[in-house]
Amino acid sequence: MIAAERREIVIAGGGFAGSILARALHAEGRDVLLLERGRHPRFALGESSTPLANLALERLAVRYGFDDLWDLAAHGRWRRRLPEVGRGLKRGFCFYEHEPGKTFSPGPASGRRLVVAASPDDDAADNQWLRADVDRFLFERARAEGVDCREETAVEVISVPRDPDGGPVRLRAGDRMVEAGLLVDATGGSPLAASLGAREASPRLRTSLVYSHFAGVEPFERAGNWPDSPFPERWSASHHLLEEGWMYQLRFDDGSMSAGFLLTGDPAGAAATVLASLLDRYPSLARQFADSEPLRPVASRSGVAYRRDRAAGQRWLLLPHSYAFADPMFSTGIAWSLVAVERVADLCRAGVPAHGHLERYGRLLAAEADHIDRLLVAAYRTMPEMERFAAPAMVYFAAASFDELRQRLLDSPRGGWCWQGFLGAVDGRSRLFAELDERSVAGGGCGWLAEWVGRAIEPWNLIGLLDPRRCNAYPVDLADMERRTVQVAAGLGLDAATLRRRWPRLRSPDHLSAALA
């Protein structure tokens, strides 16, 4: 009988999160094995980054000296120094309320359109990640740095210990038996979690997805006369709110686009037929896609949302995308995964973490999954009416921008930002999201929800959301923020003089070496 291979930490799943975690643990001196079921490059969804994701990348880059992660954290740096890795400029978020059979119009005072910038210019902007390129690049970086990386290696769990002293997780990795001191599931919704003992839980959202990548899609804003915008709206995560659900559009720098419909029903028929019929119902979308061609077969997926009953157990844990997923509406996936990578690297710095530390990790992930779920359920309840949908949108942008400002302008708390709770899941914003969830159940008029959200987000609204002078188009206006120094300082718990000295922190240096200096 062949003896099992013994490894300190095994990571199943060679996407961006698994590969970055493997590199970080290897840099800490841990014995790591990274296993990928497929072979790179392979298609993956989850393509839209955010400022909070970029901050996590920068922290990982500083801690481990990973220049490439620093460069991936801003569009200008990525474009200049990693041009071979596909990406798209993302200046912010756009939302459009459509009516079947009618050409889209922004409406009076841009009431059917919402634009929220995430950066002041293209150089500092976020990115859409062409995941086939990004995942391959990061996997190869892990291998080049000495991580034992194996592709075309399926993982099967043989046994899991019943108590903390019960020995390793035993698994089959391809044609080998492996004993893992800790198994990290980074596969993203695969059956591996169930074999570890994480049972399926019932998600509140039940949606289906029809999607592909396309060439030849026209920019949406050419469809009519548009009010002023803080950036060209084609370079955004675009959300089209429809009777059936919503459509996302993510444009890459090479002119291709990732697009798909998240639907509240489970439509019958071939995926390409469903997509075509949905486009035909909305004239402005049909015009956009009139000359487009899918770059891969149009596909569909039912049961998009999923949840497990726990995120950690005896000598195993799940990364967020293996534990829970609700919806891509606010691009939370990449950021949440990267924050969890920081946590797991912290937990494993001295070796396999004690069971109590794994339980702490699992409790925090559960609180965050509930928090995100409340936001997204409220978003679905209020679609497609922009006046009502603006409430969950403003809650998200207030919470996310508050965290971005804290992480840039305040000193890191003890233990690091990664343990603070994603989007405020364990602070006062937890109640904010819960109240949004409760209030969104009511179907009455729009005014009372808009009136509530203005008051409710006030402690975290440091960027001027809901300013009627903006007409639903919110820029990143650094000069305006400096004019409101006293207000922003109070929100962050600083005095105005300290904040004035710290304003330059809002822009990251171009090179990692400057951040390390």
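Count residues from 1 along the sequence.
Between the side chains of His75 and Asn127, at least one donor N or O lies within less than 3.5 Å of an accepting N or O. Judged by distance alone, the side chains of Tyr282 and Glu99 never bring a donor and an acceptor atom under 3.5 Å apart. Arg408 and Ser508 share a donor-acceptor pair across their side chains, judged by distance under 3.5 Å alone. Side-chain contact annotation: Ser236 with Lys90, donor-acceptor N/O pair under 3.5 Å absent. Between the side chains of Glu233 and Tyr96, at least one donor-acceptor pair of N or O atoms lies under 3.5 Å. For the residue pair Trp503 / Thr485, a side-chain donor-acceptor distance below 3.5 Å is found, with atom types taken as modelled. For the residue pair Ser440/Arg381, the side-chain donor-acceptor check at 3.5 Å is satisfied. Using a 3.5 Å distance cut-off with no hydrogens or angles, the side chains of Gln420 and Gln407 do not pair a donor with an acceptor. Judged by distance alone, the side chains of Tyr64 and Arg23 never bring a donor and an acceptor atom under 3.5 Å apart. Using a 3.5 Å distance cut-off with no hydrogens or angles, the side chains of Arg301 and Ser208 do not pair a donor with an acceptor. Checked by atom type, the side-chain pair Ser19/Asp135 shows no donor-acceptor distance below 3.5 Å.
Relative orientation of the Phe43 and His213 rings is perpendicular, given thresholds of 30° and 60° on the angle between their planes. In this pair, Phe220 and Phe104 present their aromatic rings tilted. The plane angle is within the 30 to 60° band. Classification of the Phe95-Phe397 ring pair by plane angle, with boundaries at 30° and 60°, yields perpendicular.
Between Asp495 and Arg500 there is no salt bridge, since no side-chain nitrogen of the basic residue lies less than 4.0 Å from a carboxylate oxygen of the acidic one. Salt-bridge annotation for Asp411 and Arg502: present, with a side-chain N of the basic residue lying under 4.0 Å from a carboxylate O of the acidic one. Here Asp510 does not pair with Arg77 in a salt bridge; the nearest charged N to carboxylate O distance is not below 4.0 Å. In this structure, Glu342 pairs ionically with Arg59, as a charged nitrogen and a carboxylate oxygen lie closer than 4.0 Å. A salt bridge does not link Arg131 to Glu47: none of the charged nitrogens lies less than 4.0 Å from a carboxylate oxygen. Between Asp254 and Arg87 there is no salt bridge, since no side-chain N of the basic residue sits under 4.0 Å from a carboxylate O of the acidic one. Salt bridge Asp123/Arg80: present, at least one basic N to carboxylate O contact under 4.0 Å. We find that Glu368 and Arg343 are joined by a salt bridge, their nearest charged nitrogen and carboxylate oxygen being less than 4.0 Å apart. The pair Glu435-Arg374 fails the salt-bridge criterion, with no side-chain N (NZ, NE, NH1 or NH2) lying under 4.0 Å from an Asp/Glu carboxylate O.
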Given Arg429 and Asp403, is the salt bridge (Lys or Arg N to Asp or Glu O under 4.0 Å) satisfied, shown in steps? CA-CA 11 Å; Arg429 286 168 289 174; Asp403 271 348; 3.0 Å; yes

Evaluate salt bridge (Lys or Arg N to Asp or Glu O under 4.0 Å) for Arg204 paired with Asp327, printing each intermediate quantity in order. CA-CA 11 Å; Arg204 292 200 296 165; Asp327 195 79; over 6 Å; no

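For Phe261 and His240, the distance between ring centers is not under 6.0 angstrom.
For the pair Arg406/Trp417, a side-chain contact is recorded, criterion being any heavy-atom separation below 4.5 Å from C-beta on.
With a 6.0 Å radius and a threshold of 12 heavy atoms from other residues, nucleotides or ligands, Glu438 has its CD atom above the threshold.
Remark: side-chain polar atoms of Ser337 are paired, donor with acceptor, to backbone N or O of Gly333 under 3.5 angstrom.
Atom CG of Leu138 sits about 10.0 Å away from atom CZ of Phe66, to the nearest 0.5 Å.
Checking each of Tyr248, Tyr396, Phe389, Trp246 against His239 for a ring pair (Phe, Tyr, Trp, His ring centres under 6.0 Å) leaves exactly one that passes, namely Trp246.
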